[in-house]
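Chain naming here is simple, since letters A, B, ... match the order of the sequence lines and numbering starts at 1 in each. Only heavy atoms go into these numbers, but all of them, side chains included; no hydrogens, no water, no symmetry mates. Bear in mind that the values here come from a model prediction, so they are computed numbers and not experimental data.
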Amino acid sequence: MPEPAAPDAAASSRLLLRLDGFDGPLDLLLELARGQKLDLARISILALVEQYLAVIEGARRVRLELAAEWLVMAAWLAWLKSRLLLPDDEAAAEEGEQAAEVLAERLVALQQMRAAAAWLGTRPELGRDVFARGGPESFVAIDRSRLVLDVPGLLRSYLAALRRAAGRRGYAPAPVTYWSLKDALARLGAMLGELPDWQTLERFLPPTPLSPLERRAAVASTLLAGLELARTGAARLRQEEPFGPILVRKARGGEQSE
Amino acid sequence: MSAPEIPEAALRLAEALVFAAAEPVSARALAQLLPETLEAEAVLAALAARYAGRGVELVTVAGGVQFRTAADLAPLLRKVVQIPRRLPRAAMETLAIIAYHQPVTRAEIEEIRGASLSQQTLDALLEAGLIVPKGRKEAPGRPTLWASTETFLTRFGLRDLRDLPRREELLVEPPAPAPSPPEPAPDAAAASAGETGEAPDGL
Amino acid sequence: MSAPEIPEAALRLAEALVFAAAEPVSARALAQLLPETLEAEAVLAALAARYAGRGVELVTVAGGVQFRTAADLAPLLRKVVQIPRRLPRAAMETLAIIAYHQPVTRAEIEEIRGASLSQQTLDALLEAGLIVPKGRKEAPGRPTLWASTETFLTRFGLRDLRDLPRREELLVEPPAPAPSPPEPAPDAAAASAGETGEAPDGL
């Protein structure tokens, strides 16, 4: 092993001074491999491992703190070296060879991309080596006169306007005033005297237009008012059949409810 | 004419320089790149002669020369790209309110939208032919009444206004007791006059 | 050669069209302006022939043709035209990996380079419009896939990705120091560390 490593000892010590100049362990490995001046496919992985370990060893002597990636790669290469040199058995030997192949393939792949980048670098680059028209002319006229109009958009806008306006006004539910018992008593009492005969209770509902709910409330209040007047003897109530109209009239002297 | 005396190399350089420059190139700028023995003006004149009558010509403008498309070809290259635009939100809302509440005054529109209506918005709708003034309201100041147009129907693909969903169909929960023309208030039906005003039912 | 059959009017039109455009012009775009009897490709070929050897040349790139200054004039033009910095080595390598392996994830790029991809490099490539994200890989984490752009082709004067040398052709090993100028050869670190490695050769 010392054979391949020795001539590179000088190089190694040169390299370790600028480890920071490499883009990581693979970069360094590739450069070491290129130092072998062989077809990358036929480099000696073992020699490469020796060189890498020598560089890292040298670097550690100079600077104790080395980035973890360098050490991880060093540990892996040390393992690889042991597999290649002193395999425990056949399986270990095969494992070592496979790992060495993978490493060689990665180096080839990286070298290919290096070469591709270099090839791109030789191309006449637009903006550096060749130049396009500095002041291109545009003959595109933009016509923005057409309007996009669609019904969904119209409806969305309408609702948005209404909602926003509603939000601004704040939500104020219409004040609902139900026909109270007191209102019903007053009205029934006042009207009863003027009416000669049986009347349906509904005639005594309030005179204003009513919503269904208001109407039910008014019917209930008016019925309660009728019952109250009947209890005090001021009025008489009558119902001909279940759920039939309830009739009411002013009580004459001494009458009782039926 | 003057071309013969000008070396091809100088012509090529001038051509590339004028082509690549973003701004017009002055004779002085060209002179910096030429051997001293050559007159920049003469080189540019020769270049102009070479391009005379071609699809691209060398023209003299403020500050120097530049290439320009030959005037007779420009119309052929012109391409009109239509980029339809949307009405601004305020205009779309105003249009919707006019469509639903017409005929309606500006003050009523503002009341419904809860925002003031700019003249600009109204002008945009007028200019697009989507609304027209339609008489005046018999009220103090006799304000103009606004209505939608035939164009409005055409542009929205409507046969008539009844093609629009009715307001009640749009509103799952009424946004508020609108203080305005159409709905519930007992006197509303009268105010919305021409409208479909079918208030009474359902009560 | 083929020029004689092409009417001057068609040549002028093609010249004007390509000259005016900021981007490469496709034969199809030209065909739309030409009479049906004329082949756009033939017209462009005649135009290229007319400009061959001139200061401005017609080149085929990224699916179209574009006028560009002749490469040999670059040293002179650089004196007057501002040029951007060369892409750093890491960016060029990353770009090469993306061009060859696309679509490719960031992790895959890092695997090939054996080094992490800096934000700076990614930003530089994105800003120059040389790469774009192109979907996501169906793998844990759904990482973004990267691909090269039309701008990449235009910038490096490629008609399409097939203009790139095949990978096997690239590996004729250290292609001797000369032919590949900014090679990251033994002294690469120095070159990339110093200024932008001006590629002194070949010009």
* So, B/Glu93 side chain and B/Ala90 main chain: donor-acceptor pair closer than 3.5 Å or not? ->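 Flag not set: sc B/Glu93 to bb B/Ala90 has no pair under 3.5 Å.
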
Using non-hydrogen atoms only, which part of [X] is less than 4.5 Å away from chain B: side chain, backbone, both, or neither?
X	answer
C/Val80	side chain
C/Leu73	side chain
C/Leu33	side chain

Got a second to check how far [X]'s [atom1] is from [Y]'s [atom2], nearest 0.5 Å?
X	Y	atom1	atom2	answer
C/Arg89	C/Thr94	CZ	OG1	10.5 Å
C/Glu108	C/Leu117	CD	CG	12.5 Å
B/Thr149	B/Leu130	OG1	CG	5.5 Å

* Residue selection (most heavy-atom pairs with chain C, distance under 4.5 Å) from B/Glu8, B/Glu57, B/Arg50 ->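 Result: the option with the highest number of such pairs is B/Arg50.
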
* Heavy-atom pair count under 4.5 Å with chain B, highest-scoring of C/Gly53, C/Ala14, C/Ala70 ->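 That would be C/Gly53.
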
* Asked: Once the angle between the rings of C/Phe19 and C/Tyr51 is folded into 0 to 90°, is it parallel (under 30°), tilted (30 to 60°) or perpendicular (over 60°)?
  -> tilted

